[in-house]
Q: 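This is the structure I have questions about; it appears just below.
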There are 2 protein chains.
Amino acid sequence: MAGAIADPVRRQILVLLKDGRLAAGEIAERFAISRPAVSRHLRVLRESGLVRAELVGRQRFYSLDPEPFTGLAAWLAQFVRPSGWEHHLDALETEVYRTRRERRSGAESREEHTA
Amino acid sequence: MAGAIADPVRRQILVLLKDGRLAAGEIAERFAISRPAVSRHLRVLRESGLVRAELVGRQRFYSLDPEPFTGLAAWLAQFVRPSGWEHHLDALETEVYRTRRERRSGAESREEHTA
DNA sequence: GGAAAGCGTAACCTATTAGTTACGCTTTTC
DNA sequence: GAAAAGCGTAACTAATAGGTTACGCTTTCC
């Protein structure tokens with residue numbers, strides 16, 4: 001996931017998709033690189049779950065899947081101080097975790113390990 | 001910046017520094033890889049502004065610079081659904097829990113669900 | 001002053017990544 | 001049914017990333 005966002009082309013693709021779904025060709029023609037190159041970027045985005053493909057005829061429409069972003073946002077929230085909804089995330093974190101733990105009482109006691 | 005957090009070792013270093021400053025050696029001994037390898041990760045983090053080094057005697061203390069995180073957080077905010085607390089909670093629960101668990105186990109080997 | 005501690009850098013090797021061209025498979029169009 | 005449109009995949013190449021060992025520079029310690 002974090003690796004998927006590391007590439008500038010992929011980040012740009014995500015921004016493009018923010019306005020709605022686009023066919024693979026429509027995405028590709030907005031970049032200087034070859035179409036297969038874009039196609040593989042799309043595959044990376046697909047495999048990391050950031051994007052979903054929808055087959056319509058011979059076209060492949062790509063659209064954002066916002067869910068995985070939340071994970072990174074939550075991770076990032078550790079480092080960002082109080083502002084916006086990230087703060088809410090941070091505040092919720094403890095609560096949510098506690099609830100979870102209580103719910104699944106007594107399983108999986110993963111221990112620390114300094115590899 | 002985005003490239004800096006793409007690497008799991010570097011992400012882990014950032015998490016370590018969340019609790020306060022650490023000398024280069026203290027950081028390095030928490031990883032299985034060689035000290036020079038960690039040293040170069042630290043350089044990447046330094047050059048991307050996520051971390052700052054402070055020379056004390058023959059030691060180099062590293063500490064977080066939280067400011068650059070805000071930029072990525074802002075970029076990321078574009079993609080997170082702005083509506084629906086319920087949705088947030090539901091979607092976040094798993095992620096937040098996962099983050100917590102990673103924080104405790106210190107390893108982080110997940111993060112690839114490859115649809 | 002010399003040994004050792006603490007870190008960074010250099011040189012080198014390998015695995016991964018991002019790009020290219022060539023090609024093949026469906027679906028539409030005429 | 002043949003041509004063309006739309007996309008993905010394969011094979012290959014060049015660049016980059018991340019790891020290792022060897023080494024050099026300061027600072028502390030005796």
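This structure is a prediction, so every number in the text was calculated from the model and none was measured. Lettering follows sequence order; numbering is per chain, from 1.
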Q: Between C1' on D:dT28 and CG on B:Leu55, what's the gap in Å once rounded to a whole number?
A: 15 Å
Q: State whether B:Ser34 places a side-chain N or O below 4.0 Å from either non-bridging phosphate oxygen (OP1 or OP2) of D:dT20.
A: yes
Q: Look at the side-chain N and O atoms of B:His41 and state whether any lies under 4.0 Å from the OP1 or OP2 oxygen of D:dG19.
A: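 Affirmative; the distance criterion is met.
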Q: Using 4.0 Å as the upper bound for N to carboxylate O, is an ion pair formed by A:Arg52 and A:Asp65?
A: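 So A:Asp65 pairs with A:Arg52 through a salt bridge.
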Q: Rounded to whole angstroms, how far apart are CD on B:Gln59 and C1' on D:dT27?
A: 10 Å
Q: How many Å lie between CG on A:Leu42 and C1' on C:dT17, as a whole number?
A: 16 Å
Q: Salt-bridge test for B:Arg60 and B:Glu54: reply yes if a basic N is under 4.0 Å from a carboxylate O, no otherwise.
A: no
Q: How do B:Pro36 and B:Val44 order along DNA chain D: which one's closest nucleotide is nearer the 5' end?
A: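 It is B:Val44, whose closest nucleotide lies nearer the 5' terminus.
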Q: Taking C-beta and beyond as the side chain, do B:Thr70 and B:Trp75 meet within less than 4.5 Å on heavy atoms?
A: no
Q: Report yes if at least one side-chain N or O of B:Arg43 is closer than 4.0 Å to OP1 or OP2 of C:dT9; otherwise report no.
A: yes
Q: Quick check for you: to the nearest 0.5 Å, what is the distance between B:Leu50 atom CG and B:Phe69 atom CZ?
A: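 Interatomic distance, B:Leu50 CG to B:Phe69 CZ, rounded to 0.5 Å: 4.5 Å.
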Q: So, does B:Arg46 use its side chain to make a donor-acceptor pair with the main chain of B:Arg40 at under 3.5 Å?
A: no
Q: To the nearest Å, give me how far apart CD (A:Gln12) and C1' (C:dA18) are.
A: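 Interatomic distance, CD of A:Gln12 to C1' of C:dA18: 17 Å.
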Q: So which one's nearest nucleotide on DNA chain D is more toward 5', B:Val38 or B:Arg35?
A: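 That would be B:Val38.
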Q: How many Å lie between CZ on A:Phe61 and P on C:dT27, as a whole number?
A: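 Answer to the nearest Å: 15 Å.
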Q: Without decimals, in angstroms, what is the distance between B:Glu54 CD and C:dG6 P?
A: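 For the pair B:Glu54 CD and C:dG6 P, the rounded distance is 17 Å.
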Q: A:Arg58 CZ to D:dA4 C1': how many Å, rounded?
A: 7 Å
Q: Answer yes or no: does a side-chain N or O of A:Tyr62 lie under 4.0 Å from OP1 or OP2 of D:dG8?
A: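 Checking D:dG8 against A:Tyr62, a side-chain N or O does come within under 4.0 Å of OP1 or OP2.
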Q: Would you confirm whether A:Gln59, through its side chain, and A:Val56, through its main-chain N or O, come within 3.5 Å as a donor-acceptor pair?
A: no
Q: For the helix from C:dG1-D:dC30 to C:dC30-D:dG1, what is the angle between the axes at its two ends, each from 5 pairs, rounded to 10°?
A: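 That helix gives 20° between its end axes.
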Q: Whether A:Arg40 contacts D:dG8 is assessed here as follows: a side-chain N or O lying under 4.0 Å from the phosphate OP1 or OP2. Is that the case?
A: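 No.
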Q: Give the rounded distance in Å between these two atoms: CG of A:Asp7 and C1' of C:dG19.
A: 11 Å
Q: Heavy atoms under 4.0 Å, any strand shown: does B:Ala37 hit a base, just sugar-phosphate, or nothing?
A: base
Q: Do you reckon B:Leu42 sits in the same ILVMFWY cluster as B:Leu16, going by side-chain contacts under 4.5 Å, direct or chained?
A: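 B:Leu42 clusters together with B:Leu16.
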Q: Looking for any heavy atom pair under 4.0 Å, which part of the strands does A:Ala28 touch: base, sugar-phosphate only, or nothing?
A: nothing
